[in-house]
Asks: 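Have a look at this one.
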Amino acid sequence: MFPLGHVGMASLFVAPIALLLDRKRRYLPVVVLALATALLPDVDGKIPFSHHHGGPHTVLFALSASLVVGLALAFVSANVSWLARRIDGVPAFRPRAAFALGAGGALAGLGSHLFADILMIPVADNPVEPLWPASERAFALGLMTPGDPAWNWGLLAAGIGVQILVVAHVVSRIRGRVLAVQSGHSGDSNRSQ
Ligand SMILES: [Zn+2]
């Protein structure tokens with residue numbers, strides 16, 4: 001699939017994950033991470049001693065890379081939290097939350113890439129073998145060619161549409177919370193008069 005389609009598919013995949021993690025308004029960083037990792041597996045066609053649809057196009061890579069991204073963010077967050085306890089003005093961010101953010105965002109991006117490539121017609125020389133190294137079985141649903149404009153542009157449009165809906169939902173929730181806090185304050189001040 002072309003980059004446009006991968007960005008669209010990542011935008012679709014990340015919406016439920018980002019909403020699950022949204023309790024502390026982490027929506028934007030999760031989406032950014034998903035989009036940043038959505039094209040990563042295709043580096044395998046550009047590096048030496050590798051071939052397109054190689055190791056980075058596997059479930060094993062998606063899971064282990066997501067784990068690494070989550071642990072890296074947790075490590076940074078642990079150090080920032082250590083600084084936050086000693087220096088005023090440095091914001092604290094719990095390592096557990098940082099891990100969920102990093103692993104969730106990367107898993108959405110990498111998982112969406114693998115899923116999108118499986119939708120394509122079988123690529124004779126470089127089939128997608130998502131279960132490698134456990135199995136060399138090729139997976140190809142044969143629904144599209146890599147450059148199919150309807151699929152690529154359609155997925156991008158669907159991804160942008162879903163993101164607009166989710167952002168509108170998140171903004172309305174935040175506005176609802178702010179209004180609830182403001183009405184609580186005005187209720188307090190009325191009682192104190
Ligand atoms: Zn790919």
Side-chain angles (χ1 to χ4, degrees), residues 1-21 26-74 98-167:
M1 186 173 288
F2 281 6
L4 285 180
H6 279 305
V7 167
M9 188 66 90
S11 304
L12 292 175
F13 264 57
V14 76
I17 293 178
L19 276 176
L20 269 175
L21 297 174
R26 291 173 213 135
Y27 190 80
L28 186 63
V30 178
V31 172
V32 168
L33 250 175
L35 294 179
T37 51
L39 302 177
L40 186 64
D42 281 345
V43 297
D44 63 5
K46 299 176 178 67
I47 52 179
F49 310 113
S50 180
H51 65 89
H52 190 38
H53 292 160
H57 285 77
T58 59
V59 173
L60 178 67
F61 177 81
L63 291 177
S64 47
S66 303
L67 188 67
V68 168
V69 173
L71 288 174
L73 285 195
F99 176 81
L101 186 157
L107 192 60
L110 298 170
S112 73
H113 187 108
L114 196 53
F115 179 73
D117 278 355
I118 288 173
L119 296 179
M120 295 190 300
I121 57 166
V123 182
D125 296 341
N126 297 314
V128 181
E129 297 166 348
L131 302 182
W132 184 89
S135 162
E136 293 190 357
R137 186 183 159 194
F139 284 71
L141 295 179
L143 298 176
M144 57 174 290
T145 58
D148 188 324
W151 270 92
N152 280 282
W153 285 102
L155 278 170
L156 184 66
I160 291 173
V162 165
Q163 287 304 319
I164 290 172
L165 286 176
V166 174
V167 168

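Remember, it's 1-based here, ligands and their atoms both numbered in the order they're listed.
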Asks: Kindly determine whether Met9 and Leu119 satisfy side chain to side chain contact (heavy atoms under 4.5 Å, CB included), including the steps that lead there.
Replies: CA-CA 11 Å; Met9 188 66 90; Leu119 296 179; 3.6 Å; yes

Asks: Quick one: are Phe99 and Leu73 in side-chain contact, heavy atoms under 4.5 Å?
Replies: no

Asks: Identify the two heavy atoms, one from Ala34 and one from Ala108, that lie closest to each other, and give their separation to 0.1 Å.
Replies: CB-CB, 4.1 Å

Asks: Within the distance-only criterion (no hydrogens, no angle test), does the side chain of Thr58 pair as donor or acceptor with the backbone N or O of Phe61 below 3.5 angstrom?
Replies: yes

Asks: Go through the side-chain N and O atoms of Asp44 and His52 and say whether any donor and acceptor fall under 3.5 Å apart.
Replies: yes

Asks: Do you know which two heavy atoms are closest between Ala150 and Asp148, and how far apart they sit?
Replies: N-OD1, 3.0 Å

Asks: Please give me the protein atoms (N, O or S only) lying under 2.8 Å from the Zn ion (ligand 1), ordered by chain and number.
Replies: Asp42 OD1, His57 NE2, His113 NE2, Asp117 OD2

